[in-house]
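Before any comments, here is the structure.
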2 protein chains.
Amino acid sequence: MEQNKIPQATAKRLPLYYRFLNNLQSQGKTRVSSKELSEAVKVDSATIRRDFSYFGALGKKGYGYNVEYLLGFFRKTLDQDELTEVALIGVGNLGTAFLKYNFMKNNNTKIVMAFDADEEKANTEMGGVPIYSIDDLEEKINGVKVAILTIPASEADGITDRLVRNGIGGILNFTPARITVPDHVRVHHIDLAVELQALVYFLKHYPLVEQ
Amino acid sequence: MEQNKIPQATAKRLPLYYRFLNNLQSQGKTRVSSKELSEAVKVDSATIRRDFSYFGALGKKGYGYNVEYLLGFFRKTLDQDELTEVALIGVGNLGTAFLKYNFMKNNNTKIVMAFDADEEKANTEMGGVPIYSIDDLEEKINGVKVAILTIPASEADGITDRLVRNGIGGILNFTPARITVPDHVRVHHIDLAVELQALVYFLKHYPLVEQ
DNA sequence: TTGAATATGTGAAACTAATCACGACATTTC
DNA sequence: GAAATGTCGTGATTAGTTTCACATATTCAA
């Protein structure tokens, strides 16, 4: 809650920087300039310097940034020391992809439980994560603040209401439905069909222009 | 190539509008106001009116928009009449989700072939889409302009180069790698781990603020 | 036919973000 | 230790996007 002045655009790039710095460190690099970083993450170097500057003077003129220092700083800032528990709702194709994806690699975010309407899947597990019946949502979810929604659009509103009533704070919504939530709940929409259509639109209408 | 003046932010919302208008039509609704639309897609009504206005005066004062007219207009604008063929690279968990997802529903985008490095998967099919060996990429891809990349990050650069050499124009990149492409190729990155981390960051640092 | 209600389209303002460009300082080289 | 080089941090500028607010046109009910 400290730094409400950090632009959202900056905040969205932080995880990207963090992951790349991790790579650098495991390669044994000790210093990096905004120019090098820029080439790797495809963000303008001035933007990177500006982004970092919101957190204070993290670099050294004429030298660049110390990888270890920067990494330690971001670890704290991105709450990497604290594990965030996530619930996955809907173990279909996309949900399965999430369960098998190893989120722990550079990332202190972990799916700790999953739910599905299919009673065949209930009380099994996948990738070490227990799968419960959606009927047991209220009973099991207790305390988890973030949910990934990978269910059919028709179910989205009903499930969202139940999540909200059980204290969820953030939803990563992969359904095409634009769900309605109270102001204190944050939703990020990722709509795969829209992303693909938007790409196709840009290809046809914005030739040779970088995004 | 007609309207280069349309803001990218607007272009990204068009598929969303399009899908919702489709829903309205199948519900038999003939008119809709920017306010109703706003509630459904969670975009400010003034923004919707502004977005539509880039294409001319599509509505009527005191009435709103005619659903059928608007839909017909967008169909043309979003190239819905023309099928865009897509290749899927990498039939892992996420790739499988794409293959089984029915993109044709509101959407003239279709995955027409898939590739995988696993020889077990080669020359099979899934969801009606043929899967080829990645070794046959050059031989088979011929003419397809859009690719979805759902492969391990370590493979991303190599495969991207091969795609680019074979005339790809757009890539929807789900790998964490920030791939390097020539200026005439458009890449949209969707990084699931970053999206989740960004959501968690916002939850902790921007309480009660909508995105 | 009239008047109240409705809802667009848009100029202007506000907000948000990206980029330029350069002073200041650290490092490296000779 | 002086000069050349490199790189940050940031004021200023530019670009892009959203939102306000209202004149204008249309609809609808009586």
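Letters go in sequence order (proteins before strands), and every chain restarts at 1.
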(request) Figure out the CG/C1' separation between Asn66(B) and dT27(D), and round it to whole Å. (result)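 It works out to 15 Å between those atoms.
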(message) Strictly below 4.0 Å, N to O, side chains only: are Glu195(B) and Lys12(A) in salt-bridge contact?
(response)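 So Glu195(B) does not pair with Lys12(A) through a salt bridge.
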(message) Using the ring centroid of each side chain, check whether Phe73(A) and Tyr65(A) are separated by less than 6.0 Å.
(response)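 Between Phe73(A) and Tyr65(A), the centre distance exceeds or equals 6.0 Å.
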(request) Assess the pair Phe174(B) and His189(B): is the distance between their ring centroids shorter than 6.0 Å? (result) no
Quick one: does [X]'s side chain have a donor or acceptor within less than 3.5 Å of a partner on [Y]'s backbone?
| X | Y | result |
| --- | --- | --- |
| Asn66(A) | Arg31(A) | no |
| Arg162(A) | Ile134(A) | yes |
| Asn23(A) | Gln27(A) | no |

(message) A quick test of your reading: do over 12 heavy atoms of other residues, nucleotides or ligands sit less than 6.0 Å from CD of Glu138(B)?
(response)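 Yes.
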(request) Please say whether more than 12 non-hydrogen atoms of neighbouring residues, nucleotides or ligands are located less than 6.0 Å from NZ in Lys35(B). (result) no
(message) Apply ring-ring contact (aromatic ring centres under 6.0 Å, His included) to residues Phe74(B) and Phe52(B) and explain how you reach the verdict.
(response) CA-CA 10 Å; Phe74(B) 278 125; Phe52(B) 288 0; 5.5 Å; yes
(request) Would you tell me whether Thr96(B) and Asn93(A) have side-chain atoms, one donor and one acceptor, within less than 3.5 Å of each other? (result) no
Using a cut-off of under 3.5 Å, enumerate the N/O to N/O pairs linking the protein to nucleotides 15-19 of chain D.
from, atom 1, to, atom 2, distance (Å)
dT17(D), OP1, Ala9(B), N, 3.4
dT18(D), OP1, Arg13(B), NH1, 2.9
dT18(D), OP2, Arg13(B), NH1, 3.3
dT18(D), OP2, Arg13(B), NH2, 2.7
dT19(D), OP2, Thr47(B), OG1, 3.3
dT19(D), O4, Arg50(B), NE, 3.3
dT19(D), O4, Arg50(B), NH2, 2.7

(request) Would you grab the first and last nucleotide of DNA chain C (5' to 3') that comes under 4.0 Å of any non-hydrogen atom in chain B? (result) dT6(C) to dA12(C)
(request) Using a 4.0 Å heavy-atom cut-off, write out nucleotides 2-7 of chain D from 5' to 3' as B (base contacted by protein), S (sugar-phosphate only) or - (no contact). (result) ----BB
